[in-house]
Participant: 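Have a look at this one before I ask anything.
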2 protein chains.
Amino acid sequence: MSPVRVLLADDEHLIRGALAALLGLEDDLLVVAEAASGPEALAMARAHRPDVAVLDLQMPGADGVSVATALRAELPGIRTMIVTSHGRPGHLKRALAAGVRAFAPKTVSAQRLAELIRTVHAGGRYVDPELAADAISAGDSPLTAREAEVLELAGDGAPIAEIAERASLSQGTVRNYLSSAASKLGAENRHTAVRLARERGWV
Amino acid sequence: MSPVRVLLADDEHLIRGALAALLGLEDDLLVVAEAASGPEALAMARAHRPDVAVLDLQMPGADGVSVATALRAELPGIRTMIVTSHGRPGHLKRALAAGVRAFAPKTVSAQRLAELIRTVHAGGRYVDPELAADAISAGDSPLTAREAEVLELAGDGAPIAEIAERASLSQGTVRNYLSSAASKLGAENRHTAVRLARERGWV
DNA sequence: GATGCCCGATGACAAATGTCATCGGGGGCC
DNA sequence: GGCCCCCGATGACATTTGTCATCGGGCATC
């Protein structure tokens, strides 16, 4: 049986290299390409047509989920999986929506990762139980589209005036949205609301 | 010549294992212990007395710098180095103050890391040029001790009243400190001030 | 001993923000 | 059609926050 052709994408050279070396020890796995950024991962996928793409969540240029989305559209034959250090519920949700087949934290062992790659290649799926539990307990976002949008614009601490301008809304409207978003999240001001929404992956 | 005895501490099993495997390939390096948390790293250091401790910056329990500080006090014979994903200027400064001999991002290759371990073992020092440049350009914190403290308490978006209570200060005083801190940082409100200070590693 | 800086506080004022009621338009659903 | 929810807006009001001047105490430095 021919080996599973794997694409590794992670911006940390240290990890990527080490991983490539370890996975290379498995007889049935073959790392055919490596990438250090989102765009590079896409390019490598186009060039090498791997069976499975192992993507880090945070990469320069485009994050793992964006890459997965692009791959799904362009090269649906490639199965994607996400490996990440900080798994937030929203990421998992976004990832699954993007057709990612597996989602695991970097705390798994290389041995386990190799198994996951095989599972994914065989058409299986996997989600880290702990992350799944978090995602389920976080539930769905109670925020409306505009509330989320405004909340996101408020993310870097910008004043209302700036948010209003960037969202092309009146300041009053912005304040109303922020107020209702904060109340839905149980926050006492928009800044904690932003933090909570981020923790739950709703922005 | 006897090999360099190395302690590896990183909470991400995937990386730690991969790293251990790769470094193990080097004839002159010997990974004698691994740890997944700060306290565990300390325990392992006491038990195995490595020559060099390679510490991740962010670990549960105690971060790399704390571990380095503790090691310096308790086992000064162990040379420490920090490897990290997100190198912020303040971390570098704290690390050097803690007697860390090398500071590198995880974007280096395993080969390079092996070299660094040898360098550190030989008594040398190394700081990633880019991180060093950042640290230098970020300069010293213009914040006074209380300003920084209050700014940190403001970190999660807490209202003034809560900050005042937690800092045992009057609300007016808190507002004054936040105001002066924001003005020193060129921010238009405390929230962006917090963000800027964090980016520069001043909190 | 004067000077300067940090600490901690107060008062006053202006500006930003949060909250609420209310309005009109649009769309989905029973 | 009636109901509900979202969108976008306005006005009014209370609260929070930012800004500034000012004060006194402590501490270091020249």
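The sequence lines fix the lettering, A, B, ..., with proteins before strands; numbering per chain opens at 1. Quick caveat, the model's predicted, so the values are computed rather than measured. Basis for what follows: all heavy atoms, side chains included, without hydrogens, waters or symmetry-related copies.
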Participant: Between the main-chain N or O of Val65(B) and the side-chain N or O of Thr69(B), is there a donor-acceptor pair closer than 3.5 Å?
Facilitator: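 Flag set: sc Thr69(B) to bb Val65(B) pair under 3.5 Å.
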Participant: Report the residue (Tyr177(B) or Ala187(A)) whose heavy-atom-nearest nucleotide on DNA chain C is the more 5′ of the two.
Facilitator: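 Checking each residue's closest nucleotide, the 5'-ward one belongs to Tyr177(B).
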Participant: Which is it for Asp63(B) and Ser66(B) under the side chain to side chain donor-acceptor pair (under 3.5 Å) test, yes or no, and what are the steps along the way?
Facilitator: CA-CA 5 Å; Asp63(B) 70 12; Ser66(B) 310; 2.8 Å; yes
Participant: Taking CD from Gln171(B) and P from dT10(C), how many angstroms apart are they, rounded to a whole number?
Facilitator: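 Result: 10 Å.
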Participant: If you compare every side-chain N and O of Arg146(A) against the phosphate oxygens of dC6(D) (OP1, OP2), does one of them come in below 4.0 Å?
Facilitator: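 Answer is no, no contact under 4.0 Å.
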Participant: Picking from dC7(D), dA9(D), dT17(D), which would you name as closest to the side chain of Leu169(A)?
Facilitator: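 Closest of the options to the side chain of Leu169(A): dA9(D).
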Participant: Do Glu149(A) and Arg146(A) have side-chain heavy atoms sitting under 4.5 Å apart?
Facilitator: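 SC-SC contact between Glu149(A) and Arg146(A) confirmed.
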Participant: What does Thr173(B) touch in the nucleic acid at a heavy-atom separation under 4.0 angstrom: a base, only the sugar-phosphate, or nothing?
Facilitator: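 Base contact.
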Participant: Side chain of Asn189(B), heavy atoms from C-beta onward: which of dG18(D), dG18(C), dC7(C) has the nearest atom to it?
Facilitator: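 Ranking dG18(D), dG18(C), dC7(C) by closest atom to the Asn189(B) side chain puts dG18(D) first.
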Participant: Nearest to the side chain of Ser179(B), heavy atoms from C-beta on, is which of dC6(C), dG18(D), dG18(C)?
Facilitator: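 The nucleotide sitting nearest to the side chain is dG18(D).
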Participant: Have a look at Arg175(A) and say if it touches a base, only the backbone sugar-phosphate, or nothing, with a 4.0 Å heavy-atom cut-off.
Facilitator: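 Base contact - Arg175(A) has a heavy atom under 4.0 Å of at least one base atom.
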Participant: Can you tell me which nucleotide in dT10(C), dA9(D), dG8(C) comes closest to the side chain of Ser170(B)?
Facilitator: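 Of the candidates, dT10(C) comes closest.
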Participant: Any N or O donor-acceptor pair under 3.5 Å from the base of dT22(C) to the side chain of Asn176(A)?
Facilitator: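 A donor-acceptor contact between them is absent.
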Participant: Counting side-chain heavy atoms from C-beta on, which of dG8(C), dC6(D), dC6(C) comes nearest to Thr144(B)?
Facilitator: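 For Thr144(B), the side-chain atoms sit closest to dC6(C).
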Participant: Tell me what Ala182(B) touches on the nucleic acid: a base, only sugar-phosphate, or nothing, going by heavy atoms under 4.0 Å.
Facilitator: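 Since no nucleic acid heavy atom lies under 4.0 Å of Ala182(B), the category is nothing.
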Participant: With a 3.5 Å distance limit and no angle check, can you tell me whether Arg101(B) reaches the backbone of Thr80(B) through a side-chain donor-acceptor pair?
Facilitator: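 Looks like no, no N/O pair under 3.5 Å.
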Participant: For Leu178(B) and dA9(C), give me the distance from atom CG to atom C1', rounded to whole Å.
Facilitator: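 Rounded to whole Å, this separation is 15 Å.
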Participant: Take His191(A) and Glu147(B), find for each the nucleotide of DNA chain C with the closest heavy atom, and name the residue whose nucleotide sits nearer the 5' end.
Facilitator: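 Upstream on the strand: Glu147(B).
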Participant: Tell me the interatomic distance from Leu143(A), atom CG, to dC6(D), atom P, rounded to whole angstroms.
Facilitator: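 Value for this atom pair: 11 Å.
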Participant: Could you tell me if Arg112(B) sits above the aromatic ring of Tyr126(B), with its cationic atom closer than 6.0 Å to the ring centre and no more than 45 degrees from the axis?
Facilitator: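 So Arg112(B) does make the cation-pi contact.
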Participant: dA9(C), dA9(D), dG18(C): which one has an atom nearest the side-chain heavy atoms of Arg190(A)?
Facilitator: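 Shortest atom-to-atom distance from the side chain points to dG18(C).
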Participant: In whole angstroms, how far is the C1' atom of dT17(D) from the CD atom of Glu162(B)?
Facilitator: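 It is 15 Å, rounded to the nearest whole Å.
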Participant: Whole-Å distance between dA9(D) P and Glu165(A) CD?
Facilitator: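 Going from CD in Glu165(A) over to P in dA9(D) covers 14 Å.
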